[in-house]
Amino acid sequence: MSEDITGQSRRIDVAAAQSGIEAESIKLRTRDLNVFYGSFRAIRDITLDFPTMQISALIGSSGSGKSTLLRTLNRMHDAIPGTSVTGQVLLDDQPIYGEDVDPIMVRRRIGMVFQRPNPFEKSIFDNVAYGLRFVGKMSRTEKRDRVEQALKQAGLWKEVQDRLDSSAFSLSGGQQQRLCIARAIAVEPEVVLMDEPTSALDPIATQNVEELMRELSEKFTIIVVTHNMQQAARVSHTTAYMTMDDDKSGVVVEVGPTGRIFTNPKDPRTEDYITGRIG
Amino acid sequence: MQPARTMRRYRSRTIINRFMLVLTVGSTGVALIPLVLILAYVFQQGIGAWDVQFFTDSFRPVTLGEGEVQTGGVLHAIVGTVIIVGVALLMAMPIGIMAGIYLAEYPGNRAATIIRFCTDVLTAMPSIVVGVTAYILIVQRTQQFSALAGSVALVVLMVPIITRTTEEMLRLVPDSSREAAVALGAPKWWTTLTVVIPMAFSGIVTGILLALARAAGETAPLLVTVLGNNNLAYSIFEPMQALPLLAYRYTEQPFAEMNEQAWGAALLLVLIVLVTNISVRLATRKRLAR
């Protein structure tokens with residue numbers, strides 16, 4: 001197993017050098033990752049590196065497997081019958097699809113924010129505190145501090161500090177999404193996955209969330225799926241462009257520093273997509 | 001030529017439309033007639049039996065000949081119904097809710113499919129068959145008619161209703177809520193307990209109330225299990241009286257006073273079921289408003 005990993009690491013280092021990604025270290029890697037829904041191959045041979053404390057964006061048209069790839073990174077597919085994964089995902093060079101790896105432990109280190117705000121039918125406080133019981137035993141004051149800190153990081157504290165006991169559904173859509181982000185970062189994961197986090201939000205709320213992502217990237221490794229190319233260009237350090245191959249499986253066409261992908265794409269398909277000729 | 005033809009078509013469409021409207025409104029009316037008739041007739045016949053003694057006294061033999069006729073009351077049947085249905089509810093609730101959780105949260109395997117099919121079959125089972133089964137399994141073995149045997153028969157009738165309602169209500173909870181908890185590292189059972197069930201709570205309560213209303217009105221399975229009792233009884237290991245049972249037995253009596261009490265018991269039963277149904281509506285409306 002370790003031979004396999006080193007062998008493949010060498011290969012990707014070359015690829016990384018070619019695409020010009022410069023990073024201190026790599027937090028999360030995928031190696032020849034394939035996901036099958038029954039017999040349908042949803043993504044094909046994905047080999048990607050996600051640098052530590054940076055924002056990596058996955059762009060591409062609908063059906064290109066972006067969300068499938070993202071959900072594979074914290075084993076969200078595990079509960080769906082008929083889904084199988086081949087290849088490997090490495091978190092700090094440790095495989096997360098190993099036989100002795102508990103998916104629950106993986107998800108405690110890799111959090112997720114979803115397309116639509118999905119707060120629980122609970123108070124604002126209880127929403128943010130929900131994951132804390134899995135982190136370990138903590139006192140009431142510790143808990144309060146963690147919730148306050150997470151809400152501050154999510155830029156929501158000033159708006160909700162006086163009504164932590166009201167229902168999360170009393171918040172606006174943008175506030176709800178920031179609450180979901182607070183909930184995800186309260187457990188202090190190492191990686192935060194975001195699946196089109198602003199697609200259900202208005203432009204102002206989108207701007208807030210994007211600023212928040214920038215701030216969070218100083219503490220967390222962020223991987224964001226987005227339909228919005230401007231968003232990828234604005235917030236991310238690295239961008240991977242995905243598309244559908246002839247078998248309708250998702251593949252990575254090109255990956256590199258966001259600036260280069262948007263100004264000087266090497267692959268004509270990437271150029272077609274970012275200039276708006278397709279997609 | 002064209003406008004005239006269009007007008008003709010338009011007129012025929014209007015006529016068909018009106019005809020169908022009359023038909024649907026009429027059918028709705030026909031469907032409502034029995035309900036109104038039953039409620040009105042039961043009320044008219046039963047209300048005369050309602051006095052203080054009706055609710056505070058048990059059976060008293062009808063005195064023949066001279067003197068004041070003593071009628072007694074149905075307190076023993078009210079208490080019996082509360083005990084029999086209450087015990088049944090205590091058993092049916094955990095079984096039904098947990099089976100519903102299994103069907104909704106662990107679908108797709110063969111066991112779930114088989115259980116769902118069996119539940120549907122059980123829903124359509126005639127209640128007398130269930131009663132006779134309880135008679136053979138419990139009454140014959142213990143050599144004793146008992147409230148418990150009746151409760152067990154009612155459990156069999158209630159569980160499928162609770163199971164399927166719980167399942168349907170849990171399915172209405174969006175997957176995104178489950179995923180949010182799972183992505184935070186919550187184990188599945190904890191997610192179900194703290195996120196899914198609270199969101200479906202009022203719907204699950206609706207199912208329980210429906211099952212309760214169904215069980216409270218059942219007569220056939222009680223005939224062969226709890227038997228009936230003219231005295232106030234509290235032990236679930238003895239024969240007991242119940243409102244539907246009393247209504248059935250008293251209609252067979254030759255005394256007008258007892259026939260009237262049967263109507264009174266029927267009215268009480270109808271009101272209990274009606275109140276339950278109305279509280280179901282209120283619970284449902286609260287869920288939708290949220």
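Predicted, not measured: the structure shown is a model, and the values here were computed from it. Order of the sequence lines fixes the chain letters, A, B, ..., with proteins taken first and strands second; residue numbering starts at 1 for each chain.
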Can any side-chain N or O of [X] pair as donor or acceptor with the backbone N or O of [Y] at less than 3.5 Å?
{"X": "A:R107", "Y": "B:L184", "result": "no"}
{"X": "A:K122", "Y": "B:V195", "result": "no"}
{"X": "A:N118", "Y": "B:S177", "result": "no"}

For a side chain to side chain contact (heavy atoms under 4.5 Å, CB included) check, start with the C-alpha distance between B:T194 and A:Y130, then their side-chain angles and the critical distance, and finish with the verdict.
CA-CA 9 Å; B:T194 61; A:Y130 186 84; 2.5 Å; yes

Please report the closest heavy-atom contact between B:A180 and A:F114, naming both atoms and the distance.
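Closest approach of B:A180 to A:F114, heavy atoms only: CA-CE1, 3.7 Å.
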
Shortest non-hydrogen contact from B:E179 to A:R71?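 Shortest heavy-atom separation between B:E179 and A:R71 comes out as OE2-NH2, 2.6 Å.
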
- Return the option, out of B:A183, B:S176, B:P187, with the maximum number of heavy-atom pairs under 4.5 Å with chain A.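 Option with the top pair count is B:A183.
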
Is chain B contacted by the side chain of [X], its backbone, both, or neither, given a heavy-atom distance below 4.5 Å?
{"X": "A:I110", "value": "backbone"}
{"X": "A:R116", "value": "neither"}
{"X": "A:R109", "value": "neither"}

Please check if the number of heavy atoms outside A:M138 that lie under 6.0 Å from its CE is greater than 12.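 More than 12 within 6.0 Å, yes.
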
Discussion item. Is it the case that over 12 heavy atoms from other parts of the model lie below 6.0 angstrom from the CZ atom of A:R144?
Written reply: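 Atom CZ in A:R144 is not crowded, with 12 or fewer foreign heavy atoms closer than 6.0 Å.
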
Exercise. Hey, which of A:R183, A:Q115, A:M105 has the most heavy atom pairs under 4.5 Å with chain B?
Worked result: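 Answer, by heavy-atom pair count under 4.5 Å with chain B: A:R183.
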
| A:R133/B:W190 under side chain to side chain contact (heavy atoms under 4.5 Å, CB included): CA gap, chis, key distance, verdict | CA-CA 11 Å; A:R133 64 169 13 249; B:W190 182 256; 3.2 Å; yes

